[in-house]
**Q** 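Shown below is the structure under consideration.
The chains referred to below are lettered A, B, ... by the order of the sequence lines, with proteins before strands, and numbering in each begins at 1. Below, all heavy atoms of this structure are taken into account, side chains as well, without hydrogens, waters or symmetry copies. Predicted, not measured: the structure shown is a model, and the values here were computed from it.
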There are 2 protein chains.
Amino acid sequence: MKIEELIKDKNIKLTTARVKLLEILKEADRPLCYEEIKNDISMDKATFYRNISKFEEEGILNAFESNDKKRYFEVRLNPHAHFVCVKCNSVECIKNIDITLPNYEINNVIINGTCPSCLASV
Amino acid sequence: MKIEELIKDKNIKLTTARVKLLEILKEADRPLCYEEIKNDISMDKATFYRNISKFEEEGILNAFESNDKKRYFEVRLNPHAHFVCVKCNSVECIKNIDITLPNYEINNVIINGTCPSCLASV
DNA sequence: CTCTATGCAAAAACTTTGCAGGGAT
DNA sequence: ATCCCTGCAAAGTTTTTGCATAGAG
């Protein structure tokens with residue numbers, strides 16, 4: 001799916017800055033935070049966060065907080081769970097878990113705990 | 001289980017302020033944030049956050065961020081999942097979900113999405 | 001008695017807002 | 001031409017740190 005299709009029919013304008021931002025998030029193999037993207041997008045942080053909010057409102061994007069107190073962002077394609085390690089703060093996609101809850105609409109699942117490599121290094 | 005037992009054998013001292021804090025968290029039916037507790041504990045916010053960190057290190061407590069950018073805290077008894085509504089930011093305990101991941105140690109599961117009452121009010 | 005815990009104030013980290021100018025449709 | 005988007009600077013919110021005093025073991 002192309003980025004333009006994600007934005008199409010939504011209540012937002014298609015700007016080069018937005019396409020760039022969404023493409024970076026889409027190509028990443030895990031959610032990213034502002035700090036990890038800021039050098040690759042030529043976009044002010046105010047604009048970044050404003051766009052993130054827009055994308056969330058329009059349902060294009062998932063956001064969640066890690067244990068490092070930062071927000072992580074991901075384009076909402078191929079929904080899957082995320083593991084956040086409380087020791088090393090790494091964020092990892094977990095594809096083989098499927099959760100449903102009657103009467104709830106689920107955007108994202110975040111699992112907090114200790115990852116295998118941190119468990120091994122104790 | 002009594003609060004004193006939670007602290008026993010841990011590397012921290014048993015103070016009245018800590019017992020009070022843990023008791024409030026233990027009695028609550030859902031995770032609470034600093035704002036919700038501050039009037040009930042006579043504890044400075046610096047001390048509050050320092051104690052939270054201690055409790056986390058000692059494995060007494062789970063913490064996670066909601067969509068309102070605040071951290072929510074819960075005593076780690078009877079582990080269960082949590083649902084955080086992206087619309088109203090309510091935090092709810094979900095008892096009937098059980099997740100295991102080989103090679104991972106799981107502390108907490110957070111599900112983001114829209115809760116039944118927000119879904120109904122659209 | 002010693003070392004940890006606490007309160008206060010000030011700082012830090014991340015995110016949001018105001019405003020004026022630029023860009024998409 | 002209109003209205004949304006953007007950058008810059010400044011403010012806001014939540015959490016953390018420094019330091020001197022109080023308290024637990």
**Q** Give the rounded distance in Å between these two atoms: NZ of A:Lys20 and P of D:dT6.
**A**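 To the nearest whole Å, that distance equals 13 Å.
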**Q** Hydrophobic clusters here meaning ILVMFWY residues chained together by side-chain heavy-atom distances under 4.5 Å, can you tell me if A:Phe55 and B:Val86 are in one?
**A**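 No: no chain of side-chain contacts under 4.5 Å links A:Phe55 to B:Val86.
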**Q** Out of the candidates A:Glu65, A:Glu36, A:Glu35, only one should pair with A:Lys70 under the side chain to side chain contact (heavy atoms under 4.5 Å, CB included) rule; please name it.
**A**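 Only match with A:Lys70 under side chain to side chain contact (heavy atoms under 4.5 Å, CB included): A:Glu35.
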**Q** Could you state the atom-to-atom distance from CZ of B:Phe48 to P of C:dT6 in whole Å?
**A**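 Taking atom P of C:dT6 as the reference, CZ of B:Phe48 is at 12 Å.
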**Q** Among A:Asn107, A:Leu6, A:Leu61, A:Ile60, which residue satisfies the side chain to side chain contact (heavy atoms under 4.5 Å, CB included) criterion with A:Arg76?
**A**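 Passing option: A:Asn107.
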**Q** One character per nucleotide, please: for nucleotides 16-25 of chain C, 5' to 3', B when the base has a protein heavy atom closer than 4.0 Å, S when only the sugar-phosphate does, - otherwise.
**A** BBBB----BS
**Q** Rounding to a whole Å, what distance do you find between B:Lys38:NZ and D:dT13:C1'?
**A**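 Taking atom C1' of D:dT13 as the reference, NZ of B:Lys38 is at 11 Å.
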**Q** Does a nitrogen or oxygen in the side chain of B:Asn11 sit under 4.0 Å from OP1 or OP2 of C:dT4?
**A**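 The answer is no; no side-chain N or O of B:Asn11 sits under 4.0 Å from OP1 or OP2.
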**Q** Are A:Leu101 and B:Phe64 connected, step by step, through hydrophobic side chains (Ile, Leu, Val, Met, Phe, Trp, Tyr) whose heavy atoms are closer than 4.5 Å?
**A**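 As far as the 4.5 Å side-chain criterion goes, B:Phe64 and A:Leu101 are not connected within one cluster.
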**Q** Measure the distance from CG on A:Asn51 to C1' on D:dC4 and round it to the nearest whole Å.
**A**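 Those two atoms, CG and C1', are 11 Å apart.
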**Q** What is the separation between atom CD on B:Glu35 and atom C1' on D:dT13, rounded to the nearest whole Å?
**A**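 Computing the B:Glu35:CD to D:dT13:C1' distance gives 10 Å.
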**Q** Rounded to the nearest Å, what distance is computed from the CD atom of residue B:Glu57 to the P atom of nucleotide C:dT4?
**A**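 Whole-Å distance recorded here is 13 Å.
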**Q** Could you check how far NZ of B:Lys8 sits from C1' of D:dG25, rounded to whole Å?
**A**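 That distance rounds to 16 Å.
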**Q** Rounded to whole angstroms, how far apart are CZ on B:Phe55 and C1' on C:dT4?
**A**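 Rounded to the whole Å, the gap is 13 Å.
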**Q** What does A:Lys54 touch in the nucleic acid at a heavy-atom separation under 4.0 angstrom: a base, only the sugar-phosphate, or nothing?
**A**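 Sugar-phosphate: the residue A:Lys54, judged by heavy atoms under 4.0 Å, touches backbone atoms but no base.
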**Q** Does A:Val109 form a side-chain contact (heavy atoms from CB on, under 4.5 Å) with A:Ile94? I'd like the steps, not just the answer.
**A** CA-CA 9 Å; A:Val109 174; A:Ile94 305 287; over 6 Å; no
**Q** Taking atom CD1 of B:Ile111 and atom CD1 of A:Ile99, what is their separation to the nearest 0.5 Å?
**A**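 The CD1 atom of A:Ile99 is 4.5 Å from CD1 of B:Ile111, to the nearest 0.5 Å.
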